[in-house]
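My questions will all concern the structure given below.
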Amino acid sequence: MTTATSMGTPDVSEKAGQVRAVVRALSLLREIAASEIGLSLTAAAEKTGLPASTTHRLLTTMEAERFVRFDAVTGLWHIGVASFTTGAAFSRTRDLGALAKPYLRRLVDQTGETANLFIEAGGYVVCLDQAESRHTMRAITAIGGRMPMHASGAGKAMLSRMPADRRDAILTRLPLTALTPKTLTSAQDLQAALEAARQSGVAHDDEEHAEGLRCVSAAVLNEDSRPVAAVSVSGPVARITPERLEELADHVRAVAADITREFGGRPV
């Protein structure tokens, strides 16, 4: 059934299996959560495209269950304590490695290259997980292996999305050691690379960590839009040519955004 009947069949959306009232209530929750100061009834109705009467009925129902709360002084609706406890339960159980695994496999299928997931630790990026390319000649970083942030696409992707104070604290204690002739060893060059990554959403490693290898990387973000990891594809320069970089960047950006959403993060 896709419509309500006089016998009391639940009101459902056009997508099979979705109860329309639940979808509408969740839409309201998302809009209220996205507002820093709360929403009035009128604003909530406008943002969700719902009639004011329907909006009020849904809000008062959720208020009774403490998923939203109403401030009588300001006339605004806010997220309630039940929403917080539900979200906290997700935070306790989310596993970044497990969440990212199918997306790493998707990157391999899309690009044919090795896909990696890195996290930051003390000025280095550490490989948390990997899905290997099927090519005989491929890039492999051992799980648990680490690279200095300034000489890796993943490191630069994460640095480019960090708040300035945290980024500066890392760079202050991080020696810009040359690992190859192409490693960025000047603070000015590194800052230019980070700004380019901030603008494009991806960072590159052009034989900066190991000669003969290139990678494209993008940051995975948390609920504050701060980096918690980076996803990348890497391979030999013979296959990852300058002409392929934008194509690979599109795939990497999309996967990083999908992992961010799956993790409960907020894309920039």
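Note that the coordinates shown come from a computational prediction; the quantities given were computed from them, not determined experimentally. Heavy-atom basis, side chains included; hydrogens, waters and symmetry copies ignored.
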**Asked** Under a single-linkage definition using a 4.5 Å side-chain heavy-atom cutoff for Ile, Leu, Val, Met, Phe, Trp and Tyr, are Y124 and M158 assigned to the same hydrophobic cluster?
**Response** no
Return a table of donor-acceptor pairs under 3.5 angstrom between the side chains of residues 47-59 and protein atoms on other chains or two or more places apart.
from : atom 1 : to  : atom 2 : distance (Å)
T48  : OG1    : A44 : O      : 2.8
T48  : OG1    : A45 : O      : 3.4
T55  : OG1    : P51 : O      : 2.9

**Request:** With sequence neighbours left out, write down each residue that passes salt bridge (Lys or Arg N to Asp or Glu O under 4.0 Å) with D189, or none if nothing qualifies.
**Result:**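 With sequence neighbours excluded, D189 shows a salt bridge (Lys or Arg N to Asp or Glu O under 4.0 Å) to no residue whatsoever.
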**Prompt:** Same hydrophobic cluster for L176 and I170, using side-chain heavy-atom links shorter than 4.5 Å among ILVMFWY?
**Reply:**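 They do share one cluster, since a chain of ILVMFWY contacts under 4.5 Å joins L176 to I170.
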**Asked** How would you list, by chain and number, every residue that makes a side chain to side chain contact (heavy atoms under 4.5 Å, CB included) with E46, sequence neighbours excluded?
**Response**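 Checked E46 against side chain to side chain contact (heavy atoms under 4.5 Å, CB included); matches are T42.
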**Request:** Answer yes or no: is there a donor N or O on one side and an acceptor on the other, between the side chain of R214 and the main chain of I240, under 3.5 Å?
**Result:**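 Yes; at least one donor-acceptor contact below 3.5 Å.
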**Request:** Tell me, please, which residues at least two apart from D250 pass salt bridge (Lys or Arg N to Asp or Glu O under 4.0 Å).
**Result:**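 Here the qualifying residues are R253.
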**Asked** Who are the salt bridge (Lys or Arg N to Asp or Glu O under 4.0 Å) partners of R266, not counting sequence neighbours?
**Response** none
**Asked** What closest approach, in Å, do L179 and A151 show between heavy atoms, and which atom pair accounts for it?
**Response** CD1-CB, 3.8 Å
**Prompt:** Of all residues at least two apart in sequence or in a different chain, which pass the side-chain hydrogen bond (donor to acceptor under 3.5 Å, both in side chains) check with S200?
**Reply:** none
Pairs under 3.5 angstrom only: tabulate donor-acceptor contacts from the side chains of residues 64-77 to other protein residues two or more places apart or in another chain.
from : atom 1 : to  : atom 2 : distance (Å)
D71  : OD1    : V73 : N      : 2.9
D71  : OD1    : T74 : N      : 3.3
T74  : OG1    : L76 : N      : 3.3

**Request:** For R161 and P227, indicate whether the former's side chain and the latter's backbone hold a donor-acceptor pair under 3.5 Å.
**Result:** no
**Request:** Determine yes or no for a side-chain-to-main-chain donor-acceptor pair under 3.5 angstrom, with T183 supplying the side chain and T180 the backbone.
**Result:**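 Side chain of T183 to backbone of T180, a donor-acceptor pair under 3.5 Å: yes, one is there.
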**Request:** Would you please test R134 and D109 for side chain to side chain contact (heavy atoms under 4.5 Å, CB included) and show each step?
**Result:** CA-CA 9 Å; R134 299 176 184 87; D109 291 341; 3.0 Å; yes
**Asked** So, T260 side chain and L221 main chain: donor-acceptor pair closer than 3.5 Å or not?
**Response** yes
**Prompt:** Can L171 and L194 be said to form a side chain to side chain contact (heavy atoms under 4.5 Å, CB included), step by step?
**Reply:** CA-CA 12 Å; L171 294 179; L194 296 183; 4.3 Å; yes
**Request:** Looking only at non-hydrogen atoms, find the nearest pair between A157 and A203 and report the distance.
**Result:**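 In terms of heavy atoms, the two residues are closest at N-CB, 3.5 Å.
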**Asked** Backbone N or O of T177 within a donor-acceptor pair of the T185 side chain at under 3.5 Å?
**Response**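 The answer is no, because no donor-acceptor pair under 3.5 Å joins these two groups.
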**Prompt:** side-chain hydrogen bond (donor to acceptor under 3.5 Å, both in side chains) with R166: which residues, sequence neighbours excluded?
**Reply:**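 R166: side-chain hydrogen bond (donor to acceptor under 3.5 Å, both in side chains) contacts with E120.
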**Prompt:** What residues form a side chain to side chain contact (heavy atoms under 4.5 Å, CB included) with H204, not counting sequence neighbours?
**Reply:** V202, V216, L245
**Message:** So S217 and K156, do their side chains get closer than 4.5 Å, heavy atoms only?
**Reply:**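 The answer is no; the side chains never approach within 4.5 Å.
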**P181 vs E211 side-chain heavy atoms within contact, under 4.5 Å** = yes
**Message:** Could you work out, with side-chain hydrogen bond (donor to acceptor under 3.5 Å, both in side chains) as the rule, every residue matching Q199, not counting sequence neighbours?
**Reply:**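 Once residues adjacent in sequence are excluded, the partners of Q199 under the side-chain hydrogen bond (donor to acceptor under 3.5 Å, both in side chains) criterion are E195.
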**Item:** Distance-only donor-acceptor check, side chains S232 and N116, under 3.5 Å
**Value:** yes
**Item:** Single-linkage hydrophobic cluster, 4.5 Å side-chain cutoff, I32 and V22 together
**Value:**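 Yes, one cluster joins them.
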**Partners passing side-chain hydrogen bond (donor to acceptor under 3.5 Å, both in side chains) against E207 (at least two apart in sequence or in another chain)** =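 Testing E207 for side-chain hydrogen bond (donor to acceptor under 3.5 Å, both in side chains), a comparison that skips the adjacent residues, returns K182.
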**Asked** Same cluster or not: are I119 and F263 linked, directly or through other Ile, Leu, Val, Met, Phe, Trp or Tyr residues, by side-chain heavy atoms under 4.5 angstrom apart?
**Response** yes
**Request:** Using modelled atom types only, decide if a donor and an acceptor are shared between the side chain of R244 and the backbone of R239 within a distance under 3.5 Å.
**Result:** yes
Side-chain donor-acceptor pairs under 3.5 Å in residues 99-106, sequence neighbours left out?
from : atom 1 : to   : atom 2 : distance (Å)
K101 : NZ     : D129 : OD2    : 2.7
R106 : NH1    : D258 : OD2    : 3.0
R106 : NH2    : D258 : OD2    : 2.9

**Item:** Cluster link M162 to V231, ILVMFWY, side chain under 4.5 Å
**Value:**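 Not linked; separate clusters.
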**Request:** Could you give me the CA-CA distance, side-chain angles and deciding distance for H251 and E113, then say whether side chain to side chain contact (heavy atoms under 4.5 Å, CB included) is met?
**Result:** CA-CA 11 Å; H251 292 305; E113 305 299 342; over 6 Å; no
